[in-house]
Amino acid sequence: MVVLYIIPEPLHPAIVHVPVALWVVGTLFVLLSLWRPWFYDRAALWVVTIGTIGGIISYQSGEAAVGTAIQIYGDSVGEFLGLHQQFALYSLITYIILNIGIAFNIIKDSTYIRWGLALLAVLGAVFVFLTGHYAGRMMYDGI
């Protein structure tokens, strides 16, 4: 008998790509808002907000995936797991702050705040890259 599983187990690897993609696009929109603020500020707010909701769910689901990762990839996972979790938390916090900053700047409309948000968005994208880098090291380092 074939059973169709709607919710994968572990959930983390199935959903983590949503916030990653949305945060990278959100960073692009924040950078584009330096030239066309009215449209791209609002687009960035939507994309980063949805990405942050997905990021919270992904971060929470990561704990449940640890056991499965150790089962599949062995104890070598532990070498990079801490760094992966650390940069995931940094990414999440950075994009939560960015989200609040974008919403504030839509009301305030300050060029200086917009440039600060652009730097914060780039920092967040670097954190996302490092999070993915250490996830890849966990899975593929022993191969």
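What you are looking at is a predicted structure, and each value in this text was computed from that prediction instead of being measured.
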*Grab the two heavy atoms, one from Met138 and one from Phe80, that are nearest each other, plus how far apart they are.*
CG-CB, 3.6 Å

*Pairing residues for Val126 by the side-chain contact (heavy atoms from CB on, under 4.5 Å) criterion, not counting sequence neighbours*: Leu130

*Answer yes if Ile106 and Ile97 sit in the same cluster of Ile, Leu, Val, Met, Phe, Trp and Tyr residues linked by side chain heavy atoms under 4.5 Å apart, and no otherwise.*
yes

*Examine distances only and state if a side-chain atom of His12 and a backbone atom of Ala65 form a donor-acceptor pair shorter than 3.5 Å.*
no

_Heavy-atom closest pair, residues Thr27 and Ala125_ = OG1-CB, 4.1 Å

_Grouping I, L, V, M, F, W and Y whenever their side-chain heavy atoms are under 4.5 Å apart, do Ile100 and Ile102 come out in a common cluster?_
yes

*Pro19 side chain near Thr52 side chain, heavy-atom distance below 4.5 Å*: no

*Name all residues meeting the side-chain contact (heavy atoms from CB on, under 4.5 Å) criterion together with Leu22; count only those two or more places apart in sequence or in a different chain, and write none if there are none.*
Val18, Val47, Ile50

*Nearest-0.5 Å distance that lies between atom CG in Leu28 and atom CG in Leu32*: 4.5 Å

*Residue pairs passing the salt bridge (Lys or Arg N to Asp or Glu O under 4.0 Å) test where at least one lies in residues 116-130, sequence neighbours excluded*: none

*Is there a path of hydrophobic side-chain contacts, each under 4.5 Å between heavy atoms of I, L, V, M, F, W or Y residues, that connects Leu98 with Ile96?*
yes

_I need the full list of ring pair (Phe, Tyr, Trp, His ring centres under 6.0 Å) pairs touching residues 35-64, with sequence neighbours left out, sorted by first then second residue._
Phe29-Tyr40

*For His17, does the NE2 atom sit with more than 12 other heavy atoms under 6.0 Å from it, leaving out its own atoms?*
no

*Under the side-chain contact (heavy atoms from CB on, under 4.5 Å) rule, collect the residues that match up with Val24, sequence neighbours excluded.*
none

_How long is the straight-line distance from NE2 of His84 back to CG of Leu89, given to the nearest 0.5 Å?_
11.5 Å

*Could you name each residue pair satisfying salt bridge (Lys or Arg N to Asp or Glu O under 4.0 Å) that touches residues 23-52, not counting sequence neighbours?*
Asp41-Arg114

_Ser58 side-chain N/O to Gly55 backbone N/O, donor-acceptor pair under 3.5 Å_ = no

*How would you list, by chain and number, every residue that makes a side chain to side chain donor-acceptor pair (under 3.5 Å) with Asn99, sequence neighbours excluded?*
Thr49

*Which residues share a side chain to side chain donor-acceptor pair (under 3.5 Å) with Thr68, sequence neighbours left out*: none

_Applying side-chain contact (heavy atoms from CB on, under 4.5 Å), can you list everything that pairs with Ile57, at least two apart in sequence or on another chain?_
Ile15, Ile53

*Any ring pair (Phe, Tyr, Trp, His ring centres under 6.0 Å) involving residues 90-121? Give me the pairs, sequence neighbours left out, ordered by first then second residue.*
Trp23-Tyr95, Phe87-Tyr90, Tyr90-Phe127

_side-chain contact (heavy atoms from CB on, under 4.5 Å) between Glu63 and Gln85, intermediate numbers included_ = CA-CA 9 Å; Glu63 290 297 320; Gln85 290 173 324; 3.4 Å; yes

*Is there a chain of hydrophobic side chains (I, L, V, M, F, W, Y, each step under 4.5 Å between heavy atoms) that links Val16 to Met139?*
no

_For Ala44 against Val30, the heavy-atom pair lying closest together_ = CB-CG2, 3.8 Å

*Any donor-acceptor pair under 3.5 Å from Ser91 side chain to Val128 backbone*: yes

*Any chain of hydrophobic side-chain contacts (each under 4.5 Å) joining Val48 to Val20?*
yes

